[in-house]
Engineer: 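The structure that follows is given in the form of structure tokens.
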Amino acid sequence: MPGTDATYRRYVTLGDSRTEGLGDGDDTVACAASPTGWPSTSRTAVPGLRYTDLAVRGRLAAQIHAEQLAPAPALRPDVATVVAGVNDLLRPRFDAGHAAGHLEAVFAALTAQGAHVATFTFPTSPVSRR
């Protein structure tokens, strides 16, 4: 991070297809067949960085919490990204509080072990207005 003395050596990503790389806009890669994922650029951008992508296409926030958070502490990430929630949003019985609770638990567990956690929101669309 600019302006800090932090040196990141271990980076873990958790999430769904947005982290995995599906539809990342890279026209040189057939994303649906072999997604590269936007975080994978860190492998070459930061020498010596150990990168692990735990993201799995189609996962809901509860699944990410249950399946992807479990192996993350053993990897001892200095930094983690968590990008999820759209699959929840697309469900007919979407419960924002339920999804947010799972994501907050993931953020809290990662920060409690000392990882810097980053996430981002998705652009406003008719679907995301729900």
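Just so we're clear, the structure is a prediction, and the values are computed from it rather than from any experiment.
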Engineer: Taking all non-hydrogen atoms of both residues, which atom of Pro77 and which atom of Ala115 are closest, and how far apart?
Structural biologist: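 Of all heavy-atom pairs spanning Pro77 and Ala115, the closest is O-CB, 3.4 Å.
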Engineer: Given side chains that start at C-beta, do those of Leu54 and Thr13 come closer than 4.5 Å, heavy atoms only?
Structural biologist: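 When only atoms from C-beta onward are counted, Thr13 and Leu54 do not touch, as no gap falls below 4.5 Å.
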Engineer: If you measure from CG on Asp16 to CG on Asn87, what distance do you get to the nearest 0.5 Å?
Structural biologist: 4.5 Å
Engineer: Work out which heavy atom in Pro73 is nearest to a heavy atom in Leu69; give both atom names and the distance.
Structural biologist: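 Shortest heavy-atom separation between Pro73 and Leu69 comes out as CD-O, 2.9 Å.
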Engineer: How far does CG of Leu14 sit from OG1 of Thr81, to the nearest 0.5 angstrom?
Structural biologist: 7.5 Å
Engineer: Going from CD on Gln113 to CG on Asp78, what distance comes out if it is rounded to the nearest 0.5 angstrom?
Structural biologist: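 So the gap between those two atoms works out to 9.5 Å.
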Engineer: If you look at every heavy atom in Gly15 and Ala84, which pair is closest and at what distance?
Structural biologist: CA-CB, 4.4 Å
Engineer: Taking the six-membered ring for Trp, are Tyr51 and Tyr11 parallel (under 30°), tilted (30 to 60°) or perpendicular (over 60°)?
Structural biologist: tilted
Engineer: What heavy-atom pair brings Gln63 and Gly58 nearest, and what distance separates the two atoms?
Structural biologist: OE1-O, 4.0 Å
Engineer: List for me each residue that meets salt bridge (Lys or Arg N to Asp or Glu O under 4.0 Å) alongside Glu67, sequence neighbours excluded, and say none if there are none.
Structural biologist: Arg59
Engineer: For atom CZ of Arg10, decide whether the heavy atoms of other residues, nucleotides or ligands shown that lie under 6.0 angstrom number more than 12.
Structural biologist: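 Above 12, so yes.
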Engineer: Does one hydrophobic cluster hold both Val12 and Val79, with members joined at side-chain heavy-atom distances below 4.5 Å?
Structural biologist: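 In one cluster: no.
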Engineer: With sequence neighbours excluded, tell me which residues meet salt bridge (Lys or Arg N to Asp or Glu O under 4.0 Å) with Arg76.
Structural biologist: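 Result, salt bridge (Lys or Arg N to Asp or Glu O under 4.0 Å) vs Arg76: none returned.
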Engineer: Measure the CD-CG distance between Gln68 and Asp53 for me, rounded to the nearest 0.5 Å.
Structural biologist: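 Spacing of CD (Gln68) from CG (Asp53) equals 8.0 Å.
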Engineer: With side chains defined as the heavy atoms from C-beta onward, is the minimum distance between Leu103 and Val82 less than 4.5 Å?
Structural biologist: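 Side chain of Leu103 against side chain of Val82, heavy atoms only: contact under 4.5 Å found.
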Engineer: With a 4.5 Å heavy-atom cut-off, do Val106 and Val117 have their side chains touching?
Structural biologist: no
Engineer: Report yes or no: do Val86 and Ile64 belong to one cluster of Ile/Leu/Val/Met/Phe/Trp/Tyr joined by side chain heavy-atom distances under 4.5 Å?
Structural biologist: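 Per the 4.5 Å side-chain linkage, Val86 and Ile64 are not co-clustered.
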Engineer: Quick one, Leu60 and Arg91 - any side-chain contact, counting heavy atoms below 4.5 Å?
Structural biologist: yes
Engineer: Between the main-chain N or O of Ala61 and the side-chain N or O of Asp88, is there a donor-acceptor pair closer than 3.5 Å?
Structural biologist: yes
Engineer: On a heavy-atom basis, which atom in Ala66 and which in Ala70 lie closest, and how many Å separate them?
Structural biologist: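 Looking at all heavy atoms of both residues, the closest pair is O-CB, 4.2 Å.
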